[in-house]
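These notes concern the structure reproduced below.
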Amino acid sequence: RNLNGASPDKAAICTKMGDLGGIARLLAAADAFPGELTLLQHVVETLVNVMNDNRVNTATVVAQGGMERLLEMMERHPDASELQQSACMTLWNLTFAGPAALTRLKTLGVEECVRPAMAAVNATTKTKQRGQQLLDKLPAESAFEREKLAREMADKGDSRAYMHILISQAQEQRPVGRRWWGGKPERVVLPLPEPKFAATMLTIGESEIAARGLQAALGLDDDAVLAGFMLDPIAAIQVEVLRHGSENDCDNFYYILRGVSQKTMDLPAQVKRDMAS
């Protein structure tokens, strides 16, 4: 960040950072440490500088998923005012990548991230200014066009925009509720059904097995071994999976442990193969 900041050779440094793969490394750092606000702040500020008056670097940020990463940061850290400001400024810079980039930003749901950032109590003046300028540049496309583009992006492995549309549609279709005391009908927030966790069949085992407890079911009849596992339970699970699990088991385990849900680059290899077939 400091190298490409106020240096007199800023333009040359930014170009060299892009040529050496610096943008990919910045985004990889953000992926590896999604909860480290200081690091994310430096990453976003560096992206702002790297893209400034550099069309090649701007196009590279778009091509390597920079838009998606910025929106994920804004969603994950809504109270981080400095990060929200830097993200809005970076997204504003991305609007100069051309009409296709603007359409992609809108399809990805940039409005759902920028509007809350502008309305936040701790929103900075720059967040409000850049946020509004960004929103003013977005194309006025129809819902049909937006959904069509989102489907095309999902077919290529980027499902974020399509998920935004599906969630919005589901929220619009929520049933109208009635107050329990029989008053005027009103729209209420009802939980959306989650098919993934819908129980279709409940299998009940033998009561005498259940009565012995989870420790017996796991085969842990040695209290000393169990106590050792409980000192670092995540490490114990990790060792168990690595020792006895298949390659797919290990991929799935690390996706659950470290991956970001629905992020294409984090998906297990067999899931990517299934999506491609």
Side-chain angles (χ1 to χ4, degrees), residues 1-5 7 10 12-52 54-78 80 82-97 101 104-105 107-110 113 153-154 156-161 163-164 234 238 241-242 247-248 250-273 275-276:
R1 183 196 65 167
N2 292 343
L3 280 174
N4 65 5
S7 170
K10 176 179 176 180
I13 292 173
C14 290
T15 299
K16 190 170 184 178
M17 284 187 67
D19 293 342
L20 293 176
I23 293 172
R25 288 176 171 82
L26 286 169
L27 297 175
D31 289 337
F33 303 97
E36 296 292 335
L37 277 176
T38 302
L39 181 142
L40 295 179
Q41 182 69 31
H42 290 333
V43 166
V44 178
E45 289 177 359
T46 305
L47 288 175
V48 172
N49 293 331
V50 165
M51 290 190 296
N52 191 29
N54 192 313
R55 292 173 178 258
V56 174
N57 283 350
T58 301
T60 301
V61 172
V62 174
Q64 296 188 356
M67 291 179 176
E68 292 83 348
R69 278 12 179 274
L70 289 165
L71 296 177
E72 288 169 5
M73 292 180 200
M74 295 181 74
E75 289 180 340
R76 186 176 286 118
H77 304 287
E82 290 187 10
L83 181 61
Q84 295 288 325
Q85 171 184 295
S86 298
C88 282
M89 293 175 66
T90 311
L91 290 169
W92 163 250
N93 283 0
L94 288 172
T95 64
F96 294 96
R104 183 177 180 83
L105 272 174
T107 305
L108 287 170
V110 67
C113 292
M153 291 166 60
K156 296 177 182 177
D158 184 357
S159 61
R160 176 191 167 90
M163 287 300 299
H164 265 288
I234 298 299
Q238 185 171 343
V241 173
L242 290 175
E247 182 177 342
N248 287 352
C250 293
D251 285 346
N252 291 334
F253 173 75
Y254 280 103
Y255 175 58
I256 294 170
L257 184 64
R258 298 177 182 170
V260 176
S261 178
Q262 298 180 357
K263 179 176 289 187
T264 304
M265 67 182 299
D266 288 353
L267 291 174
Q270 74 272 14
V271 174
K272 292 180 181 178
R273 289 194 293 268
M275 292 172 63

(message) Once ring-ring contact (aromatic ring centres under 6.0 Å, His included) is applied, do any residues pair with F96, and if so which ones, sequence neighbours excluded?
(response)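 So F96 forms a ring-ring contact (aromatic ring centres under 6.0 Å, His included) with W92.
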(message) Taking salt bridge (charged side-chain N to carboxylate O under 4.0 Å, His left out) as the definition, give me every residue that meets it alongside D31, ordered by chain and number, with sequence neighbours left out.
(response) R69, K263
Do the side chains of [Y] and [X] get nearer than 4.5 Å, heavy atoms only?
X: L94; Y: R104; value: no
X: T58; Y: V50; value: no
X: R76; Y: V260; value: yes

Which residues pass the side chain to side chain donor-acceptor pair (under 3.5 Å) test with [X], sequence neighbours left out?
X: T95; result: K137
X: Q84; result: none
X: T90; result: none
X: Q64; result: none

Minimal non-hydrogen separation, [X] against [Y], with atom names:
X: A30; Y: V43; result: CB-CG1, 4.4 Å
X: A87; Y: V44; result: N-CG1, 3.7 Å
X: A29; Y: L39; result: O-CD2, 3.7 Å
X: S261; Y: Y255; result: CA-OH, 3.5 Å

With rounding to the nearest 0.5 angstrom, report the [atom1] to [atom2] distance, [X] to [Y].
X: N93; Y: M51; atom1: CG; atom2: CE; answer: 4.5 Å
X: C113; Y: M67; atom1: SG; atom2: CE; answer: 13.0 Å
X: N57; Y: K16; atom1: CG; atom2: NZ; answer: 14.0 Å
X: S86; Y: L91; atom1: OG; atom2: CG; answer: 11.0 Å
X: L47; Y: L70; atom1: CG; atom2: CG; answer: 6.5 Å
X: L40; Y: L83; atom1: CG; atom2: CG; answer: 6.0 Å

(message) Closer than 3.5 angstrom, by distance alone: can the side chain of H77 be matched with the main-chain N or O of P34 as a donor-acceptor pair?
(response)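 Yes; at least one donor-acceptor contact below 3.5 Å.
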(request) Could you tell me whether K272 atom NZ has more than 12 heavy atoms of other residues or ligands within 6.0 Å of it? (result)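 Yes, enclosed.
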(message) With a 6.0 Å cut-off (strictly less than), is the heavy-atom count around CZ of R25, excluding the residue itself, greater than 12?
(response)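 Not more than 12 within 6.0 Å, no.
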(request) Go through the steps for Q270 and N252 under the test side chain to side chain contact (heavy atoms under 4.5 Å, CB included), then give the verdict. (result) CA-CA 9 Å; Q270 74 272 14; N252 291 334; 2.6 Å; yes
